[in-house]
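What follows is one structure encoded as structure tokens, with my remarks underneath.
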Number of protein chains: 2
Amino acid sequence: MRINCMCTANIQPATSQRKLLLSVIREAKGHLDAKELYRRASKRNASISLATVYRNLRFFKEQALIDERHFGHTRSCCYEMKRSEEHYHLVCRDCGHVIEFESPLIHKLVAEIRRKNNFDVTRVELCLEGYCHDCKKEEKPLSKVT
Amino acid sequence: MRINCMCTANIQPATSQRKLLLSVIREAKGHLDAKELYRRASKRNASISLATVYRNLRFFKEQALIDERHFGHTRSCCYEMKRSEEHYHLVCRDCGHVIEFESPLIHKLVAEIRRKNNFDVTRVELCLEGYCHDCKKEEKPLSKVT
DNA sequence: TTTGGAATGCGAATCAATTGCATGTGCACA
DNA sequence: TGTGCACATGCAATTGATTCGCATTCCAAA
Ligand SMILES: [Mn+2]
Ligand SMILES: [Mn+2]
Ligand SMILES: [Zn+2]
Ligand SMILES: [Zn+2]
């Protein structure tokens, strides 16, 4: 068994692949899925394997270095660096843009659930679908059922 | 092209498989995934195909007869009859139980997003993970990060 | 340095979901 | 009450995402 070493924090062992993957995630603008992470990492290390990408995504998740997101109906999930403050997402059904937001209402909701349902919330999966500012003005289908 | 007929509402054509599947979903206690729906339907019609289950799940979804849910980390999604009032879910990480709940805070959140982000919300995907009443009292792991 | 245990690369395997195609069937219209 | 045909079905093959087995390589603690 291997004990924690302080030099490389919780990235341990600090293999070149592991460091590369984490820096790609860190430098990414938006949210990456495994395939896209693999594509970008391959540019810097052509021999990296997709399995290694998946294994490290799981590792980073376990180390709480990254967050996993399930957006809308997309098959694969996305990843991003964990930040100090929690945040949630709006996904436009039209252009696919992902907008991040935060609201104190979510803390209130969690508190309410803890009180009313006697349920200890450890994770909030919240994603709202709809039409963004730019896409909502364009023509919409006639039926506006739910 | 076929014009709508009123006799069978939006289930049309009303094939035996389609009627069977809908009644299995209707009679189900909880939330079903495709495999489980297939299992239950097969008891009443042994020749039904899994592809037909998937095709009809998509059909029912398009007809807004059922709702699709993505619970926690489970690979496959679950389905349930659409109800008049919207509701959301708590999933226990320990025993897997799914608890349904509703809260006016969610309406408030949607309104806030519409106002602040100028975003038209059409669907709220919300699922909270944690520990239910029965599981939270039992011993927990030492580290309580996240 | 040495060395054990963990990480990697590769391909094969899984698992959920979709699709192509030949066949069967519900139902609008005659 | 029949008939036609668009659409539904069954089956098998396919896709797409993720995981796994295994031989090999690589960290990092001592
Ligand atoms: Mn984000
Ligand atoms: Mn429900
Ligand atoms: Zn948009
Ligand atoms: Zn529980």
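By convention in this document, chain letters (A, B, ...) are assigned in the order of the sequence lines, proteins followed by strands, and residues within each chain are numbered from 1.
The ring pair (Phe, Tyr, Trp, His ring centres under 6.0 Å) check on B:H70 picks up nothing, with sequence neighbours excluded.
Between B:H89 and B:H31, the ring-plane angle classifies as perpendicular under the 30° and 60° cut-offs.
At whole-Å resolution of the value, CG in A:L57 and C1' in C:dA7 are 15 Å apart. In this structure, the CZ atom of A:F71 is 16 Å from the P atom of D:dA17, given to the nearest Å. The nearest whole Å value for the distance from the CD atom in B:Q12 to the P atom in D:dA6 is 15 Å. Atom CD in B:Q63 sits roughly 14 Å away from atom C1' in D:dA8 (whole-Å rounding). Per the geometry, CG belonging to A:L22 stands 16 Å off C1' belonging to C:dA7, to the nearest Å. Rounded to whole Å, the distance from CD1 on A:I11 to C1' on C:dA6 is 16 Å.
A donor-acceptor pair under 3.5 Å is absent between the side-chain atoms of B:R93 and the main chain of B:E129, judged by distance alone.
With hydrogens and angles left out, the side-chain atoms of B:S47 and B:N45 include a donor and acceptor closer than 3.5 Å.
Using a 4.0 Å cut-off between a side-chain N of Lys or Arg and a carboxylate O of Asp or Glu, B:R55 and B:E62 do not qualify as a salt bridge.
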>> Can you build the contact string for nucleotides 8-23 of chain C? Use B for base contact, S for sugar-phosphate-only contact, and - for no protein heavy atom under 4.0 Å.
In response: BBB-----SBBBB---

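Minimum heavy-atom separation, A:Y38 to A:L50: CE1-N, 3.5 Å.
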